[in-house]
Peer 1: 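First the structure, which I've put down as C-alpha cells, then a few questions once you've had a look.
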Amino acid sequence: MTSPAELPLAAQSDSPASRPASSPNARPVLLLTRRLPDAVEARASRDYRAVLNPDDRAFSGTEIAARAAEVGADAVLCCAGDRLDAAAIAALPQQVRVLATFSVGTDHIDLEAARARGLTVTNTPDVLTDATADIALLLLLGAARRASEGERMIRANAWTGWTPTQLMGTHVGGKRLGIIGMGRIGQAVAARARAFGMTIHYNNRRRLPPELELGAIHHADPEAMLPVCDVLSLHFPATAETRHWLNAERIGRLPPGAILINTARGSVVDDDAVIDALKAGRLASAGLDVFENEPNLHPGYRDLPNAFLLPHLGSATVETRNAMGFKALDNIDAVMAGRPAPDRVV
Ligand code: DGY
C-alpha cells in the first residue's frame, strides 16, 4: 500500500496538500480509483486535492477503502470494475460523503450498504446513451455479417479471394429486433435499427407513449416476445433477479438462428447456455460487449467463430468518457456544496 506521502497528488500551484486540514481554504480530498481522461483529471485537480492513479492500477474494494482512509478522502470517484461490496463500504472512512461512479450501471456497488451508512451514491445516466447504442448496432451488424470471422481471415492471411458463398451472413433489413428494457439506450438502439429497416418489438415494465414508441410493438411479457425476436438485444440492469435471465429455456423460445446482442451486463446471460446454443447453431451468432466476471470471461467464447466479442467498449469514446467524468464531478461538487446531487442513486 502506498503511503500518503507517495500518493501522486495533482500538481497545484499553491500546494493545497500542504495546507492544514483545518484551513478554511483547504479543498476537499477526492480519490479517483482509476486513471480518467485528461480533461476530467484536470478539472478534478483544479477543484479538489485530487489523488490520481496514473498507473491505472485496479484496486480491490477493500484497497480502495484503505486508500480513502490513508489520503483522508472526502469523496471517491469510482468506476464500473471496482467491487464496492458491503465490507468495502463499511471500511470507507466516515469522512467520505459521496461515492460517484463513472458509469450508469451501479451493480458493482452494494447500494443497500451505502444507504445504511448514509453514503450518497451517484451515477452518470444519459451521456452514454448514444455511444452505447452505437456499439449495440456495431455488434448487431458485426454478428449478422460475420465481421469478426472476415477480419480474422484476412489477418491470418487465409483469404483466397472473393467467392459467391464466402461468409454469407444474415440481412438485417426486414428482420424483427426485440429489445428488452426500452429505457434511454433501448430507444436509441431502436432508432438506429429502424434506419436499417428492422421492425421493433420491445418489452418494458411500462408501455411507452406513442411519441416514444414510434410504432414499436409492446409486449407486456418478455417470454411472449421471445418467439418473434430474430435479433434479441438486452438493455436491463444486472440485479439478483436478472442474473442469468437468458437461460437455455428462454433461448429455446427464440426463433432458430436468432442473434443475441448484449451491451447491458454479462451476468444477465447464462454463459454456458449461450455457448451451447452458439455451438449448436440454435443461436446463429452473438455480439457481446459485456461478460460475467470481466475481464475473466468464460473461456468457451474465445474459440467460437460466431461470437463477435468486444472488451466493454459501450461508452468508450473520448466525448462520452469526458462527459461521464464531468457528470461524476458535477455530482461530487453538488454534495460538497451541500446541494442535492443531480444523479443521486442512493
Ligand atoms: C456503464 O456506464 O455502466 C458502462 O457499462 C461503462 O461504460
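Computed from heavy atoms alone, side chains included, the values below leave out hydrogens, waters and symmetry copies. Numbering of residues begins at 1 and proceeds along the displayed sequence. First listed ligand is number 1; within each ligand, the first listed atom is number 1.
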Peer 1: Check this for me, if you would: do Arg192 and Asp130 make a salt bridge, where the nitrogen-to-carboxylate-oxygen distance has to be below 4.0 angstrom?
Peer 2: yes
Peer 1: Hey, is CZ on Arg205 packed in by over 12 heavy atoms from elsewhere, all under 6.0 Å?
Peer 2: no
Peer 1: Taking 4.0 angstrom as the limit, do Asp74 and Arg27 come out as a salt bridge?
Peer 2: no
Peer 1: So does Asp126 pair up with Arg184, basic N to acidic O under 4.0 Å?
Peer 2: yes
Peer 1: Any side-chain donor-acceptor pair under 3.5 Å between Ser315 and Arg321?
Peer 2: yes
Peer 1: If you take the centroid of each ring, where Trp contributes its six-membered ring, are His218 and Tyr202 closer together than 6.0 Å?
Peer 2: yes
Peer 1: Give me the pairs of N or O atoms, one from ligand 1 and one from the protein, that sit under 3.5 Å apart.
Peer 2:
from: ligand 1; atom 1: 2 (O); to: Val104; atom 2: N; distance (Å): 2.7
from: ligand 1; atom 1: 3 (O); to: Val104; atom 2: N; distance (Å): 3.4
from: ligand 1; atom 1: 3 (O); to: Gly105; atom 2: N; distance (Å): 2.8
from: ligand 1; atom 1: 3 (O); to: Arg265; atom 2: NH2; distance (Å): 2.7
from: ligand 1; atom 1: 5 (O); to: Arg265; atom 2: NH1; distance (Å): 2.7
from: ligand 1; atom 1: 5 (O); to: Arg265; atom 2: NH2; distance (Å): 3.3
from: ligand 1; atom 1: 5 (O); to: His312; atom 2: NE2; distance (Å): 2.6
from: ligand 1; atom 1: 7 (O); to: Ser315; atom 2: OG; distance (Å): 2.6

